[in-house]
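Structure, as structure tokens:
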Amino acid sequence: MDAAQRQRLEETTRYDPSEVEARIFAEWMEGGYFHPVAEGDPEENFSVAIPPPNVTGVLHMGHALNGSMQDALVRMNRMRGRNSLWILGTDHAGIATQAVVEKELRKDGKSRHDLGREAFVERVWEWKAEYGSRIVEQYKRLGASCDYERERFTLDEGYVKAVYRVFKQLFDKGYIYRDNYMVNWDPGSHSAISDLEVENREVEDSLYSIDYPVEDSDQVLTVATVRPETMLADTAVAVNPDDERYGDLVGKHVILPLVGRRIPVIADEHVDVEFGTGALKITPGHDPNDFEIGRKHGLQEIGVIGSDGRMTEEAGEFAGMTAAEAQKAVVEALRAEGRLRAEEPYVHSVPFSHRSGERIEPLISLQWFCRMDELARPAIEVVERDEVRITPSQWKRVYLDWMEEIRPWCISRQLWWGHRIPVWYCDACGETIAAEAAPERCGSCGGELRQEEDVLDTWFSSAIWPFATLGWPDDTPELRAFYPTSFLTTAREILFLWVARMIMTGLEFPGRVPFRDVYVHSVIQARDGRRMSKSLGTGIDPLQEIDVYGADALRFGLLAMSSTQDVRFSDAKVEQGRDLANKLWNASRLILLNAAEVEPAPRPVTVEDRWILSKLERTIASVTEKLETYDFAHAVQEAYSFFWRDLCDWYLEIVKPRLYDGEEEEVSATLLHALERVLALLHPTMPFVSEEIWSFHPAREGHLAVHAFPVADESQVDPAAEEDVEGGIGLTQRLRAWRDLAGVPAGATLPAVIDGVEPPGFVARLSRFEFDGVGSEPVASIGPVRVLDSDQLDAAAVAERLEKRREELRAEVERGERKLGNEGFVAKAPAEVVEEERGKLERYRNELAELS
RNA sequence: GGGCGCGUAGCUCAGUGGGAGAGCGCUCGCUUCACACGCGAGAGGUCGCUGGUUCGAAACCAGCCGUGCCCACCA
């Protein structure tokens with residue numbers, strides 16, 4: 001430490017993260033610590049793939065929590081000397097990004113169609129160049145030690161190559177196919193979306209009962225529906241085969257009102273006899289259930305609602321109306337014809353687009369699908385066998401249940417921004433060709449080719465993130481050194497969307513699981529317990545928290561908040577982190593400014609020295625174990641408690657006289673040693689403040705980011721010293737409490753004598769007693785301490801205090817007697833438990849006898 | 001409809017068979033030579049309810065009440 005550093009340490013009584021963080025981060029980057037060489041193998045190396053945030057994204061609390069956890073483990077392993085890679089990058093986020101740029105265009109009164117596909121995509125790239133690295137910069141603010149030199153993007157050149165290779169191989173295996181099928185049509189993004197991008201919401205609709213006249217009869221068949229406008233596309237009415245009411249109608253026909261179409265009455269088990277009249281109108285073109293039934297019975301599929309959400313020509317007089325307008329018109333027309341039997345309010349759940357928020361319109365359209373059964377099978381097995389461990393374990397069951405029910409994945413999207421599906425059509429001969437690069441001409445007839453217009457679901461490319469970012473399909477040094485990655489932390493909402501798909505593609509392509517451990521973390525809710533969300537306005541901005549409290553404070557706070565269950569965001573925990581950073585700074589000032597010039601080393605002289613070294617090593621062992629098992633909350637709280645309570649409140653107060661003395665080298669060596677280990681232990685969770693303080697430490701040779709992570713030294717654990725010192729601490733606390741309650745002025749020193757075992761030397765000083773004191777009669781007895789009367793004492797308060805203690809003791813004695821008087825307890829409880837109770841009872845009895 | 005959670009101090013949460021804990025807040029006292037983002041002391045809880053198992057239950061079991069999330073094609 002030079003003179004300027006010493007001066008800074010002397011003058012700065014408060015740790016200021018805003019002054020420190022950017023400077024420290026720049027030093028790390030300059031050191032190149034986050035950019036490991038691609039050497040060694042995945043067993044000895046450590047690697048993590050960040051869940052790639054959307055390019056359109058800004059850092060939210062979920063990123064911050066996830067980042068804090070991953071960084072803690074990456075930094076810990078880097079400090080252990082492992083070649084550690086945290087791969088970072090962004091996701092092109094098809095729908096979201098296209099929407100942002102389309103919104104920009106709309107401001108100029110334009111749509112993407114005005115520009116055309118090529119110019120529009122060009123425009124999105126420009127947008128990406130300008131704003132796409134925002135979130136990457138925000139990860140730096142958090143202190144995330146990602147390899148910023150290996151940043152990837154799901155649409156960069158190498159990544160596209162990987163996506164096309166995957167598509168081609170799945171196509172060749174017959175897993176990827178094109179089909180006219182019922183999909184979730186999102187009128188908002190004008191595209192099909194997958195089942196996982198749909199969320200169901202409770203909605204209040206009306207349930208209409210409509211009479212369908214039976215052909216050549218006076219009978220009517222009444223059906224119930226919430227979507228009367230789809231009746232225009234009805235191609236059957238179904239009843240349950242066991243429904244006696246309708247047995248004779250099956251095989252007959254009804255006449256569809258308004259349309260006049262003659263449609264069959266069919267029997268199908270799907271129909272619930274209890275619901276409504278037990279007759280179900282079948283609309284294969286606009287309802288997923290009806291679609292299934294329709295295919296089973298070979299029914300005609302009619303579409304009356306188009307992809308623009310308007311009624312098609314098939315809807316006859318209703319053509320051109322929106323679906324909502326058509327609903328009203330159809331209801332009116334039915335009423336006019338006397339076919340509307342009832343209309344009642346009805347609450348049910350309805351699919352909405354997770355992307356645009358609009359109500360899903362189920363439609364039949366020509367889309368690309370990927371069959372999942374074959375891919376899922378091995379991905380189920382590796383989780384069953386715990387080759388991929390999911391923590392907490394209840395998510396394993398959730399994963400397996402979903403995987404076992406997996407259905408084909410609709411992978412095509414009617415967007416322009418994304419991986420354009422690598423399929424070419426020959427209009428001349430009808431050939432369909434999948435290829436990794438654009439073929440010149442049709443292989444069969446030599447005709448012109450035209451590429452598929454649709455792009456792939458963004459999650460199709462995310463699914464290969466762990467190996468595509470490392471250079472797959474090429475055999476790169478990165479892939480050899482860092483795949484499989486070491487672990488993954490994630491929010492449970494993307495367990496299916498992302499995690500399951502990575503496991504499937506990892507097994508199918510590189511042939512190995514992408515990670516061994518999946519830790520599913522809790523969700524941090526808003527302060528009021530609602531979801532944090534932009535649309536609700538309940539989001540809390542992590543960057544603002546960093547501005548106010550510092551990155552270390554936020555990281556500590558989030559880790560302390562995290563748990564296996566969802567928790568509300570706690571400002572108090574972030575403040576606790578800020579206070580800890582400040583306390584670290586100030587305790588370090590005390591040590592660094594007063595320590596003698598010695599080598600840091602454990603050099604215990606007193607029992608207190610042995611005690612703090614023992615607690616230090618215990619804490620290192622425990623915190624390390626908790627970090628390794630993803631128990632971040634307990635890890636940081638234990639580190640906090642050791643540092644604040646044991647080290648600062650007690651040890652530093654105990655050794656101050658020796659430290660100020662400057663004579664005793666041993667205590668300086670021990671303190672510098674403890675400080676070094678505490679800083680290293682805390683570095684993975686609070687990297688900035690620990691690095692900053694380390695820059696003043698005499699043992700510093702390089703950055704703490706690459707300093708050795710402490711390994712607990714069991715030989716320092718000393719239970720006898722712990723018992724002695726903790727006994728002294730307990731006595732000190734009782735003496736202080738007695739003073740306070742006896743009304744003794746804070747600054748006064750009280751006379752007392754010791755009757756019994758001499759307590760550790762610090763007790764007298766820290767409780768402000770003088771044990772060889774001169775005074776008159778003892779007026780109180782606290783452990784071995786006999787407090788002597790003096791004019792500092794308030795006789796009435798002392799008496800009151802004494803009586804209070806007696807009462808406490810009487811209660812304790814009574815409790816002990818009752819417990820030991822219970823024959824069952826004495827007979828059946830373990831002997832050591834009974835012994836312990838006996839000992840306690842005896843002690844309480846003795847103390848009570850002394851006080852009487 | 002199925003599944004998974006949660007209900008502990010005023011607040012946010014730990015604790016999962018042997019005497020109720022933390023942080024914040026609150027009260028009282030401290031300009032004690034690292035830190036008032038500090039130091040010392042204290043108050044505060046029939047551990048949702050009802051039964052059961054056990055010598056012993058906040059913890060284990062059953063039921064109930066309240067509450068949150070995920071999955072699911074009853075119109």
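Hydrogens, waters and symmetry mates are skipped; everything else that's a heavy atom, side chains included, is used. None of the values given here were measured: they were computed from a predicted structure. Every chain is numbered from 1, with letters handed out A, B, ... down the list of sequences.
Side-chain nitrogen and oxygen atoms of A/Trp650 include none within less than 4.0 Å of the OP1 or OP2 phosphate oxygen of B/G40. A/Lys804 has no side-chain polar atom (N or O) that falls below the 4.0 Å cut-off from OP1 or OP2 of B/G42. Contact check, A/Arg527 against B/C24: no side-chain N or O comes under 4.0 Å of OP1 or OP2. Distances shorter than 4.0 Å separate some side-chain N or O of A/Tyr346 from OP1 or OP2 on B/A75. Side-chain N/O atoms of A/Gln637 include none lying less than 4.0 angstrom from OP1 or OP2 on B/C13. OP1 or OP2 of B/C37 sits under 4.0 Å from a side-chain N or O of A/Arg14.
Residue side chain A/Glu812 reaches the base of B/G19 through a donor-acceptor N/O pair under 3.5 Å, judged by distance alone. The base of B/G19 lies close enough to the side chain of A/Tyr844 for a donor and an acceptor atom to sit less than 3.5 Å apart. Within 3.5 Å, a donor on the side chain of A/Arg815 pairs with an acceptor on the base of B/G19, or the reverse.
Ring planes of A/Phe696 and A/Trp585: perpendicular class, angle over 60° (limits at 30 and 60°).
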Distance-only donor-acceptor pairs under 3.5 Å for side chains of residues 278-288 of chain A, two or more places apart:
unit_1: A/Lys281; atom_1: NZ; unit_2: A/Thr230; atom_2: OG1; d: 2.8
unit_1: A/Lys281; atom_1: NZ; unit_2: A/Asp234; atom_2: OD1; d: 3.0
unit_1: A/Lys281; atom_1: NZ; unit_2: A/Thr283; atom_2: OG1; d: 2.9
unit_1: A/Thr283; atom_1: OG1; unit_2: A/Asp234; atom_2: OD1; d: 2.6
unit_1: A/His286; atom_1: ND1; unit_2: A/Pro362; atom_2: O; d: 3.4
unit_1: A/His286; atom_1: NE2; unit_2: A/Val304; atom_2: N; d: 2.8
unit_1: A/His286; atom_1: NE2; unit_2: A/Ile305; atom_2: N; d: 3.2
unit_1: A/Asp287; atom_1: OD1; unit_2: A/Asn289; atom_2: N; d: 2.9
unit_1: A/Asp287; atom_1: OD1; unit_2: A/Asp290; atom_2: N; d: 3.1

Give the B/S/- string for nucleotides 52-61 of chain B, one per nucleotide from 5' to 3', where a protein heavy atom under 4.0 Å of the base yields B, of only the sugar-phosphate yields S, and otherwise -. ---B------
Please encode protein proximity along nucleotides 65-73 of chain B as a string of B, S and -, counting only heavy-atom distances under 4.0 Å. ------S-B
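For B/C39, the paired nucleotide is B/G29, the pair qualifying as Watson-Crick or G-U wobble because both relevant distances are below 3.5 Å.
Heavy-atom contacts from other residues, nucleotides or ligands closer than 6.0 Å to CD of A/Glu823 number 12 or fewer. Other residues, nucleotides and ligands contribute more than 12 heavy atoms inside 6.0 Å of the CZ atom of A/Phe825.
Side-chain atoms of A/Asp631 and A/Thr629 form no donor-acceptor pair, as typed in the model, at a separation below 3.5 Å.
Between B/G40, B/C35, B/G38, one nucleotide has an atom nearer to the side chain of A/Asn586 than all others, and that is B/C35. Minimum atom distance to the side chain of A/Ser563 is reached by B/A14, of the listed B/G19, B/A14, B/C37. Nearest nucleotide to the A/Gln394 side chain, out of B/C35, B/G5, B/A75: B/G5.
The aromatic ring centroids of A/Phe496 and A/Tyr399 lie 6.0 Å or more from each other.
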